[in-house]
Each structure stands twice: as structure tokens, then as C-alpha cells.
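The sequence lines fix the lettering, A, B, ..., with proteins before strands; numbering per chain opens at 1. What you see below is based on every heavy atom in this structure, not just the backbone, and it leaves out hydrogens, waters and symmetry mates.
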Amino acid sequence: MSDAAFQSEFLKTMQARGYIHQITHPAELDVAARTGVVTAYIGFDATASSLHVGHLIQIMMLRRLQQAGHKPIVLMGGGTTKVGDPTDKDGQRPLLTDAQIQGNISTIKGTFQKFLTFGDGPTDAAMVNNDDWLSKFGYVQFLRDYGVHFTINRMLAFDSVKNRLEREQPMTFLEFNYMLMQSVDFLELARSHGCVLQMGGSDQWGNIVNGVELIRRVDQKAAFGLTTPLLSTASGQKMGKTVGGAVWLNADMRSPYDYWQFWRNTEDADVGRFLRLFTDLPLDEIARLEALPGAEINDAKKVLANEATRMLHGADAASRAAAGAQDVFERGTLSAELPVVEVSKAEFPDARTTATLVKEAGLAASLGEARKLIANGGVAINDQRMTTDDKHTYDQLLPDLQAFKVQVGKKKIVLVKPT
RNA sequence: GGGGGAAUGUCCCGAGUGGCAAAGGGGGGGGACUGUAAAUCCCCUGCUGUAAUGGCUUCGUAGGUUCGAGUCCUACUUCCCCCA
């Protein structure tokens with residue numbers, strides 16, 4: 001992919017900021033993006049009630065597209081989610097009910113409004129749901145209209161299928177059809193919206209190429225595919241997994257404070273890359289930030305955290321998160337941004353033990369785990385490191401908050417408030 | 001329809017053929033060193049618990065043999081491979 005000299009603003013930006021892994025017809029796409037409005041889409045399946053940071057690079061691509069004067073389409077996979085994408089999976093996942101899928105779509109939708117401008121204008125973003133067309137096909141009609149264009153020989157060669165077979169993991173016929181459905185999506189959007197480009201993660205390459213070829217073969221129209229590199233951290237971890245599990249984008253599943261923390265904890269070597277991908281800062285400013293020596297790189301991480309949090313949760317939430325972080329980590333004081341867990345005094349009328357507090361704070365799954373943390377020196381109550389499972393009476397509550405400050409490790413702090 | 005194999009600590013991979021709470025990895029968690037980073041080193045990783053050579057629950061499911069079963073027997077379930 002050494003398509004060094006792109007002419008279009010869109011592809012130049014995409015290239016410079018590190019979004020491009022593969023493109024199907026780079027030169028042609030470059031011309032299209034330079035001479036007119038390109039309509040492009042990315043599909044998102046509704047497998048959870050929120051998207052997570054793993055989706056963020058895709059969302060940002062749509063944002064870059066719109067910024068460059070083109071038209072983004074968000075495709076909600078209401079129909080494809082019913083089947084389940086087999087890519088990168090060892091086996092069939094439990095199937096979601098229609099109601100679950102509908103629920104997930106409704107809670108996911110809002111995220112896109114933070115990043116894109118929706119409307120009826122020529123470059124306004126649109127949102128569609130592939131259930132609208134996929135669920136209308138009859139089986140025989142679908143096979144006759146689209147099945148004829150796919151050979152099993154070829155489908156078996158795609159990684160998503162091949163890996164399963166090589167690993168001797170079963171792949172059901174249901175999953176096998178996912179690829180066709182995604183190809184039909186692209187064709188449908190090409191016809192109804194003049195969509196010419198599908199983007200996605202590198203694992204979607206096979207699915208995307210199939211759609212491109214379907215359009216070129218059936219409608220003899222230009223169609224393109226573009227994939228992003230697989231995002232991992234510099235030390236090889238899959239991006240987005242942290243102490244608290246997945247990094248959700250919905251505020252009710254991961255607070256702005258925690259979201260800010262996620263970005264603040266970026267590895268040194270990733271700061272520049274993430275600034276380019278996940279903020280709108282100009283490239284020269286990013287170059288300056290990532291060149292900061294030694295511990296000063298922390299300032300770049302704060303900028304990253306501020307910008308990323310602001311884009312998703314708004315300026316107020318971002319500055320509160322930043323101020324909270326300053327209180328907690330730089331001044332060692334309390335912050336209203338810390339999560340609060342309310343517990344009942346009734347069960348323990350006199351006092352709570354350290355282990356009980358840790359468990360109730362949600363920082364340990366069981367009392368045994370909490371005790372191990374204490375034994376390892378990982379627990380502090382009200383900033384006092386605990387080495388034994390002591391009792392804490394309620395007159396030891398922090399006076400201003402009427403709560404215990406429960407800390408596990410360096411970064412996990414919860415206020416436990418008995419009521 | 002016939003034959004052969006496989007399911008292990010509910011995150012994953014994977015040893016284990018009568019004494020096993022079950023080797024070893026990975027992942028995860030804690031500590032030390034630092035800069036709320038990485039790398040490195042140490043510890044932990046079934047539940048419960050007066051941290052007891054304690055109790056309880058684990059090796060696909062259900063029974064059986066045995067003082068004792070992940071390990072042996074029977075049936076069943078699911079998956080893989082080969083033959084038809």
C-alpha cells in the first residue's frame with residue numbers, strides 16, 4: 001500500500017493520520033474523492049448496548065470523511081446481528097433476540113451524534129438499518145438474486161472461513177452467510193444512496209472486497225473498500241482492554257472520569273499515533289507533543305485525554321474529569337468524580353472490615369480475593385495501607401463525605417458510603 | 001449407517017490414566033522500580049474462612065466400581081476426523 005501521493009484531501013488526511021491499511025482501488029478512489037462527494041459507509045453490529053473504543057477508529061474515519069466534504073452513512077446491523085459475524089471467532093456466539101438487538105441499537109445510536117453531523121444536506125450523515133432490507137428477502141429469492149454471484153470455492157479461501165476450518169472449529173451455515181449479507185448491504189446502499197465506499201477494520205477486508213466485487217459485477221459500477229490497521233498498543237496488547245474490562249463509549253457504562261483515565265494511561269510509544277487517530281489536533285501540534293522528552297510526555301497524554309473525552313462527553317465532562325484526576329493523583333485529595341457506592345448499615349451495625357469494604361466497593365469479586373489483596377499490600381482505607389483485615393467503625397468515616405475511601409492498587413478508588 | 005478421536009480449574013491454551021484443589025503457559029490482579037508509561041523483578045489467581053495438615057464445590061451430563069475417580073466401567077450429549 002505504498003500509494004504515497006494521494007491528491008484528494010480525504011485520502012491525504014487518512015494517510016497522514018494513520019487510518020489506512022489497505023485500499024481496493026487507491027488511484028480511482030483518489031480521483032473520485034477529489035472530483036466529487038464520496039458517500040461511504042461503515043457497518044456496526046448491535047452485539048452490546050454500547051460501542052467501545054475498538055469502534056472509535058471507525059467512527060473517527062466517518063468524521064474525517066465528513067470533515068473532508070463527503071457523506072458518511074452509519075449502518076446499524078440490525079439484520080446482520082441476527083446472524084453474527086464469524087470473523088475472528090472460534091465458534092458461534094449465542095444468538096441475540098430481536099428485542100435485545102433493538103435495545104442495543106437504541107442505546108448505541110447517540111454515540112454517533114457526538115462525532116457526526118446528521119441531516120438532509122448533501123454531506124450530512126445518515127443512519128440506516130440493514131434489517132430494513134435484509135429481513136424482507138425470501139429465502140429462494142435471496143439465493144437466486146445473490147447466491148449465484150458467490151462461489152463456495154472462493155468463500156472458503158477467505159480468512160474468516162479458512163481459519164475456522166484450519167482450527168477444526170465448526171462453522172454453521174448461518175454464519176457462513178454473513179459474508180453474503182454484508183455484500184448485499186453494500187450493493188443496497190450503492191443503489192439507494194449512491195454509496196461507493198465501504199470502510200472497516202482490517203479483519204473486514206474479505207467481507208468488504210466481496211461487496212466491492214458484487215457491485216462491480218452486478219451493476220458495473222465503481223465501488224471501493226478501505227480498511228484500517230488492527231489497533232494494538234505499542235507493547236502488543238489489544239487496544240481497549242483495561243482494568244475495568246471493555247472501554248465503553250456510553251457514559252452510563254463507563255464514566256467520563258474513567259474514560260479520561262483510559263487515555264491518560266496510554267503508553268508513551270502510542271501517544272502520537274493516538275493523537276492523530278483520535279483527536280482533531282493539527283498534525284504539527286501533535287508532532288510537537290509526541291516529541292516531548294521523558295516525563296514531559298505526560299503532558300501529551302493529558303492533552304490526548306482532554307481532547308478524546310471532550311469529543312465524546314463534551315467540554316464540561318472533560319474538564320471535570322481532568323480536575324478530578326488532578327485532585328486524586330497530583331494532590332492526593334478526594335474528588336467528586338470518584339465513584340460512590342452506597343451500602344446499608346443494617347447488615348453490619350457497628351463496623352465493617354477492610355475486606356468487606358473492598359468487596360462492596362466492587363474492587364474484589366469475593367472476600368477471599370479481597371483478603372489476598374490486603375495480604376499483598378494492595379489495599380488502603382482512608383489513605384492508610386491495610387496489612388490486616390481490620391475493622392472500621394462508622395466514626396472513622398471521612399467527615400466531609402461520610403464515606404470510606406477504599407483504594408485498591410494505585411488507580412482504583414471508590415467511596416463507600418454507609419447509609 | 002460403520003470406525004476412530006476429543007471435551008480439564010466456567011477468560012483462553014494445555015499437562016494429567018487411582019491419592020488432585022489438580023503441572024505449565026497466556027491473560028488478569030497486587031507489590032517493587034518509575035512519570036497515573038513501557039521493560040524488568042517478586043507475589044497472587046475455585047469459594048469460604050478463627051490464613052487450620054479445616055469445610056465446601058470443581059475436570060461435558062447421569063449413573064456405577066472403589067476406602068478413595070479428572071483418571072476405571074455403563075449410558076447419554078456435543079464436536080472433530082475417516083469410511084459408506
Side-chain angles (χ1 to χ4, degrees), chain A residues 86 88-94 161 163-175 232-247 255 257-275 289-306 308-309 321-335 337-338 353-356 358-359 361-381 383-391 406-414:
Chain A
D88 284 340
K89 298 190 180 62
D90 269 351
Q92 173 83 53
R93 293 278 187 82
V161 180
N163 291 344
R164 269 296 176 88
L165 296 177
E166 277 171 4
R167 301 200 59 185
E168 298 190 350
Q169 298 292 330
M171 171 178 254
T172 63
F173 186 66
L174 177 78
E175 296 173 280
S232 55
T233 66
S235 54
Q237 300 293 308
K238 199 167 185 178
M239 164 121 191
K241 293 288 177 192
T242 60
V243 283
V247 181
S255 69
Y257 174 82
D258 271 343
Y259 190 71
W260 194 95
Q261 283 298 319
F262 168 74
W263 293 106
R264 174 63 246 269
N265 286 306
T266 296
E267 294 176 26
D268 289 7
D270 291 325
V271 177
R273 196 156 54 104
F274 288 179
L275 281 167
L289 286 168
E290 73 175 328
L292 289 173
E296 283 181 45
I297 195 78
N298 283 327
D299 291 336
K301 295 183 192 179
K302 286 181 201 170
V303 172
L304 172 63
N306 285 335
T309 307
Q326 206 176 14
D327 288 341
V328 172
F329 291 104
E330 292 176 24
R331 281 200 273 277
T333 58
L334 293 169
S335 166
E337 294 301 305
L338 292 172
T353 66
T354 306
T356 310
V358 169
K359 183 174 177 233
L363 299 176
S366 66
L367 282 175
E369 188 182 320
R371 288 199 181 86
K372 278 165 196 155
L373 287 169
I374 295 166
N376 284 329
V379 175
I381 305 293
D383 295 317
Q384 291 234 296
R385 181 158 298 208
M386 296 291 121
T387 50
T388 52
D389 193 2
D390 300 331
K391 292 206 168 185
V406 180
Q407 177 168 6
V408 168
K410 286 179 193 147
K411 299 172 189 172
K412 288 179 287 192
I413 303 172
V414 174

Could you tell me if the side chain of Lys302(A) sits less than 4.5 Å from the side chain of Asp299(A), heavy atoms only?
yes
What residues form a salt bridge (charged side-chain N to carboxylate O under 4.0 Å, His left out) with Arg371(A), not counting sequence neighbours?
Asp389(A)
CD of Glu267(A) versus P of A38(B): gap in Å, rounded?
6 Å
Could you please name the partner base of C41(B), counting Watson-Crick and G-U wobble pairs only when both distances are under 3.5 Å?
G31(B)
C59(B) versus A69(B) - spacing of their C1' atoms, nearest Å:
11 Å
Produce a footprint string for nucleotides 49-54 of chain B: one letter per nucleotide, 5' end first; B if the base is under 4.0 Å from any protein heavy atom, S if only the sugar-phosphate is, - if neither.
B-----
Value in whole Å for how far the P atom of G35(B) lies from CG of Leu289(A):
21 Å
Quick one: Asp299(A) CG to G35(B) C1', roughly how many Å, whole number?
11 Å
Starting at atom NZ of Lys412(A), determine the distance to atom C1' of G29(B), rounded to an integer number of angstrom.
6 Å
Mind checking side-chain contact (heavy atoms from CB on, under 4.5 Å) for Ala321(A) and listing every partner two or more places apart, or none if nothing turns up?
Trp260(A)
Rounded distance in Å between the P positions of G4(B) and A75(B)
13 Å
Separation of A37(B) atom P from Lys302(A) atom NZ, nearest Å, is 13 Å
Between G70(B) and A22(B) - C1' atom distance, rounded Å
8 Å
For the P atoms, the ones on U61(B) and on U50(B), what distance do you get once it is rounded to whole angstrom?
32 Å
Separation of atom CD in Glu369(A) from atom P in C47(B), rounded to whole Å:
7 Å
Pairwise C1' distance, G28(B) and U10(B) [rounded to whole Å]:
15 Å
Closer than 4.0 Å, any side-chain N/O of Ser366(A) to the OP1 or OP2 of C47(B)?
yes
When rounded to whole Å, the CZ to P distance for the pair Arg264(A) and U36(B) reads 7 Å
I'd like the P distance from G68(B) over to C56(B), given in whole Å.
15 Å
Side-chain donor/acceptor of Glu369(A) to backbone N/O of Lys372(A), under 3.5 Å
no
Does G68(B) have a Watson-Crick or wobble mate here (both distances under 3.5 Å), and if so which one?
none
Dump every N/O contact between nucleotides 31-34 of chain B and the protein below 3.5 Å, one line per pair.
| residue | atom | partner | partner atom | Å |
| --- | --- | --- | --- | --- |
| U34(B) | O4 | Lys410(A) | NZ | 2.5 |

Take Leu373(A) and Gln326(A), find for each the nucleotide of RNA chain B with the closest heavy atom, and name the residue whose nucleotide sits nearer the 5' end.
Leu373(A)
Considering only the P atoms, how many Å lie between A7(B) and C12(B), rounded to the nearest integer?
15 Å
Base, sugar-phosphate, or nothing for Gln261(A), non-hydrogen atoms under 4.0 angstrom?
base
Partner residues of Asp268(A) under the side-chain contact (heavy atoms from CB on, under 4.5 Å) criterion, sequence neighbours left out:
Ile297(A), Lys301(A)
Residue list, salt bridge (charged side-chain N to carboxylate O under 4.0 Å, His left out) with Asp383(A), at least two apart or on another chain
Lys405(A)
Using the C1' atom on both, measure C72(B) against U65(B) and round to a whole Å.
8 Å
Any strand is fair game: report the nucleotide pairing with A15(B) by Watson-Crick or G-U wobble, both distances under 3.5 Å, or none.
none
Only counting residues at least two apart or in another chain, list the ones meeting side chain to side chain donor-acceptor pair (under 3.5 Å) with Asn265(A).
Lys411(A)
Intermediate values then yes/no, side chain to side chain contact (heavy atoms under 4.5 Å, CB included), Val271(A) and Leu289(A):
CA-CA 8 Å; Val271(A) 177; Leu289(A) 286 168; 5.8 Å; no
Partner of U57(B) under the Watson-Crick or G-U wobble criteria, both distances under 3.5 Å, comes out as none
Return the nucleotide paired to A7(B): Watson-Crick means purine N1 to pyrimidine N3 with N6-O4 or O6-N4, wobble means G-U with N1-O2 and O6-N3, both under 3.5 Å.
U77(B)
For Thr333(A), enumerate each residue passing the side-chain contact (heavy atoms from CB on, under 4.5 Å) test, keeping only those at least two apart in sequence or located in another chain.
Asp327(A), Arg331(A)
Those residues that, when tested against Glu296(A), pass side-chain contact (heavy atoms from CB on, under 4.5 Å) (two or more places apart):
Leu292(A), Pro293(A)
Give a yes or no on this: more than 12 heavy atoms of other residues, nucleotides or ligands lie within 6.0 Å of atom CD of Gln326(A).
yes
Complementary nucleotide of C20(B), counting Watson-Crick and G-U pairs under 3.5 Å:
none
Measure CG/Leu363(A) against P/G28(B) and give the value in whole Å, please.
18 Å
